[in-house]
Each structure stands twice: as C-alpha cells, then as structure tokens.
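Naming convention: chains lettered A, B, ... in sequence-line order (proteins, then strands); numbering from 1 in each chain. Bear in mind that the values here come from a model prediction, so they are computed numbers and not experimental data.
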Amino acid sequence: MKLRNALAAALLASAAFAAPAMAADLIAVITPSHDNPFFKAEAEGAEAKAKELGYEALSLVHDDDANKQSQLIDTAIARGAKAIILDNAGADATVAAVEKAKDAGIPSFLIDREINATGVALAQIVSNNYQGAQLGGQEFVKLMGEKGNYVELVGKESDTNAGIRSKGYHDVIDEYPNLKSVARQSANWSQPEAYSKMESILQANPNIKGVISGNDTMAMGAEAALLAAGRKDVIVVGFDGSNDVRDSILKGEIKATVLQPAYREAQLAVEQANDYIKSKTAPKTEKQLMDCVLINSANAAKLETFALKP
Amino acid sequence: MRWVGAAAVVLAALTLASCKIVATSDVKALAETGAAKGAAPFDPDKMVAEIWTPKVVPHFEKRAGSFVEVRNLAAKSPDEAGAKYGYRPKSDGSPWTVMVRLEGVIVAADTESRAATIGVDASGQGKTDAAVQIGPAMRGTAIRDALDFVSFNDFTNQIDFARYGKAFNLHVNKSVLEKLPRDNLIGRKVSVVGAYALGAGDPPLVTPVEIKLGPKP
C-alpha cells in the first residue's frame, strides 16, 4: 500500500513536471508521406496521444522507400527512442528494419500496414481491410445496378493492403456476371498517377460505368480525370474515408468510400507503447484488426479526420 | 510432424465432447497445417474441412443461444450478450460475433440475387426478425469470427486470414446450402444454427452453420 502511494505520488509529480528541464522520453512516429491526408492524420493522432501521455514525439516520413525507412529507424535508435510507431514501407522489406530496432531494445508498434512476420513487432494494428472492401464492393455493385463495365485502380504492390482490398472487392463483384472488368491497373496509391492512368484508360474504354479504387487519393485522381473529360456520370468508390472524399461525396461527385479508423489506430498504438514502456505489458495479441465503416451521402457529413462524429 | 498434428486434432475432438477448453497444441496444429510458418502450402479449404465436424459444429451447438433471447439481451447490453453467446478478439474496434439458434417461419425470400437470403420470423409477428444467407455468394466472415480458437495472429497476413474466413462460407455452401430448395420457401418452418456480427445491420444477417427446413405448408 505504502509502495503504491509512493508510486502514485511519483506519477503525479512526473505528470506535474512533464514539461521542464529533464527531457521527456521520446516516441518516434514513422509514416509514408503526409501528402496523403491519411498518413498525416495517423501521424497527428500518434503525436497528440504521445504528448498527452508526457512523451516527446519525433515525426518522420519514409516516402515508401525501404532504404530511407531503414535510415529513419537508425535515427530513432540513435536518438534513444523508447518506442517506434510505424506505418511501414513494405511487408517484406520492413522485417529487417524492425528486427534491427528490436535488437537495439526498441519495441515497434505497427499501424495500418502489416509485415509478413510475427514476433518481431510488439503490435500490428491494422484496419479490417477485407471487411471494409466487402462493404465498398457491395455499395459499388448496388450503385452499378449489378451490371456494366468497370475499372479497378489498385494500390502499391509491396503493400499487403493493396492485395487484400482488391480481394475483398472481387469476392463481392465477381459474383455478378454482368459486371465486367475492362481495366485493372496499379496507380501506386498516388493521386497524380491515378489521374494520368484514368485519362488513358478512358481513351481506350469510353464505355465505362464505374471505377473502384483501392484508396481515396487514387479515387480523387480518377474523379478529377473523369470530370475533366466531362464524365460526371461515372460512378467512383474509394477507400480510407478522407475529408477530401467526404467533400466530394457531399458535392455529389465520388459516390462512396470506406472509413478506416486511422486516427484511433494510431492513438491505440501509442497507448500500447505506453503500457509497454511504463509496465512492460505487451499487447495481448500482436495482430489486431479494427473494423471499417461504409461512408456514402447518408453519413458523410459526420466524417471528420478519419473518425465519425457521434 | 503431420502425424502429431493429426493426433492433436483427434485428441482435441475427443476432449471436446465433454469439455469446452481447447488445447493450445491444437491451435498450433491448426497453424502448422500451413498458415503460419509456411512449411506446407496454405490450404484453407482443407484446414476448414478438417475442423468442421469435430470442432466447429460442436462449438456452435454448445455456445449458441436462442435468437430472440440473444437479440433482446444485445439490445440491452451488447457486451453481456457477446460474452455469453459470442466472441471478439479484443475490445477496441472489433464487434462481437454471436452464435444463435434461430427457429421460425420463412416470411421473405430473395433467391434472385446470387447472395440469396431468407427472412425469418422468430417472434410470430409476421415480419423478418433475421435474414439468413443461403448462398451461393455469401458475405462476411461471421463463422470464422465466432470461433475463439481462431486467431489472426496465426496467419501470415490479412490475405491468408481472409481466405480462411471465406473457406468457412464455401464449406457451408457446399455441404449444407447447395442442397436447399430455392422455390416456394415462404411459409415453411426453418431452424438455423449460425452467427452474426452485433451492430452490423438491421435485421441481423445470419451466416448459417446448420439449416433445416420444415415440410411444405
């Protein structure tokens, strides 16, 4: 009891003097480029939670470059980070980098993207992309009236999320023989790349009725190309739940997307890191899924920074 | 290794008849059939076929609650209903998947869509209390998600985990649903054992593990 009181007092004291002289423990937050609002929201969610829990946060971007990611992990190690929150640059390429941090005594908590190994990171918190893609696929089928030609824009191949979302879409769409895929191309999650890919797909296949996209930035690129070509009639469905796509839905342009709880995932990762730093408690299971929510004109107005307002 | 795995499954099947605890070795055996460390090629259909009769069906038989009871309890307290009749891997971000025994009369049937469903009136009010997927196309992963002895942790990635989830749907479709007649279903009595995710839709969409049709009216 005495010990617990002392501990409580110490905790209170450390909370009271969180800011001053003695440097706070560091948590490194490493994500892809903040050009995509999804990764920006993630980084901000993690930083906000880290600060709230009394840490200093170091936010870095690897630009989907596994070599750069490896250097950033070195930076985190050199700076003496207590934990790394990581949205990684490749399911295979990242294993060694996380291993390196682990060997240096720094636990990694992965968000959004998986790696193809367990027992290396302490947590892998990812959206239930298959469940989300089935929701998006069902909405797409409904919007298409169960028939017509469509295009699929796929994400970056090194990212498991590109494959799993495509599988979730197809497990639904392929049940409808009158829905015909006329083009399936990767635009590497990129908005400008999706714009130019969409332009050339449209030239070769003017008779398309819909576009289903593996994420929102590609959906935005495709929608812009379609609008520029005067094709307001083409149905576009995305994945992520960004504010950009929310606004597009509210304007009657993009028809639907799937919200990933990105902000919450990032915060949860920091909470689990904090539990580990303070009391050496690792998450009960390493691989954790969080369910997604369909967003269309009915609920888009409630969407803000990758979370639904009550 | 194979033999040990098979022995573990048999052993667990024997134990299961009297007891609900699942041996850890059995979960490992499940993973070793290919999911985790990649010795044998990943074969979700075979993995599901192997556990269906010895483990999955008995698990549902044991845990399922009467649909009306589960629904009413879930309306008051999802956590209570989930803990009593279902499973979820963790509290943050994943819904409960509950197991139910649904008895009633078919009051609606959508057999035009490949994702066919029947609407079942379980409370005698003449309207659909629950929709039941009857295939051939089936949505979601409710059967997989109801099983507390299955963990995402044992799979290489979401793609393998999704294929495993779909394998349960394919199995129930092939072994149970394909034999079901599609015509003149309305008015017939039906009894279903199955699972649905809490809060995923109204009426709930039940994925069956077993389904029995009454005689034609």
Contacting region of B/Arg114 [heavy-atom separation from chain A under 4.5 Å]
side chain

Turns out that what part of A/Leu268 lies under 4.5 Å from chain B's heavy atoms comes down to side chain

Does CD in A/Glu157 sit with more than 12 non-hydrogen atoms of other residues, nucleotides or ligands closer than 6.0 Å?
no

Supply the atom-to-atom distance A/Asn129 CG to B/Phe161 CZ, rounded to the nearest 0.5 angstrom.
13.0 Å

Heavy-atom cut-off 4.5 Å, strictly under: side chain, backbone, both or neither for A/Ile125 against chain B?
neither

Has A/Lys167 got more than 12 heavy atoms of other residues, nucleotides or ligands less than 6.0 Å from its NZ?
yes

Around B/Glu61, counting heavy atoms of other residues, nucleotides and ligands shown, do more than 12 lie under 6.0 Å from its CD?
yes

Spacing of NZ belonging to A/Lys287 relative to OG1 belonging to B/Thr156, to within rounding of 0.5 Å
7.0 Å

Show the nearest heavy-atom pair for residues A/Gly163 and B/Ile159, with the distance to one decimal.
C-CD1, 3.9 Å

Decide yes or no for A/Asp291 and B/Pro95: does some side-chain heavy atom of the first lie under 4.5 Å from some side-chain heavy atom of the second?
yes

Working to the nearest 0.5 Å, report the span between CG of A/Asn161 and CG of B/Asn157.
10.0 Å

Supply the atom-to-atom distance A/Gln134 CD to B/Met138 CE, rounded to the nearest 0.5 angstrom.
11.0 Å

Within this structure, what is the CG-CZ distance for the pair A/Asp171 and B/Arg163, rounded to the nearest 0.5 Å?
10.5 Å

When every non-hydrogen atom of A/Lys284 is compared with those of B/Pro89, the smallest separation belongs to NZ-O, 4.4 Å

Please indicate whether B/Asn184 has more than 12 foreign heavy atoms, meaning atoms of other residues, nucleotides or ligands, lying under 6.0 Å from its CG.
no

Interchain contact, A/Val126 with chain B, by part (heavy-atom threshold 4.5 Å):
side chain

When B/Gln158 is tested against each of A/Glu114, A/Arg113, A/Arg165 for side chain to side chain contact (heavy atoms under 4.5 Å, CB included), which residue passes?
A/Glu114

Within a reach of under 6.0 Å around NZ of A/Lys209, are more than 12 heavy atoms found that belong to other residues, nucleotides or ligands?
yes

Could you measure the distance from the CG atom of A/Asn128 to the OG1 atom of B/Thr141? Nearest 0.5 Å is fine.
6.5 Å

Under 4.5 Å heavy-atom distance to chain B, tell me which part of A/Gln138 shows up: side chain, backbone, both or neither.
side chain

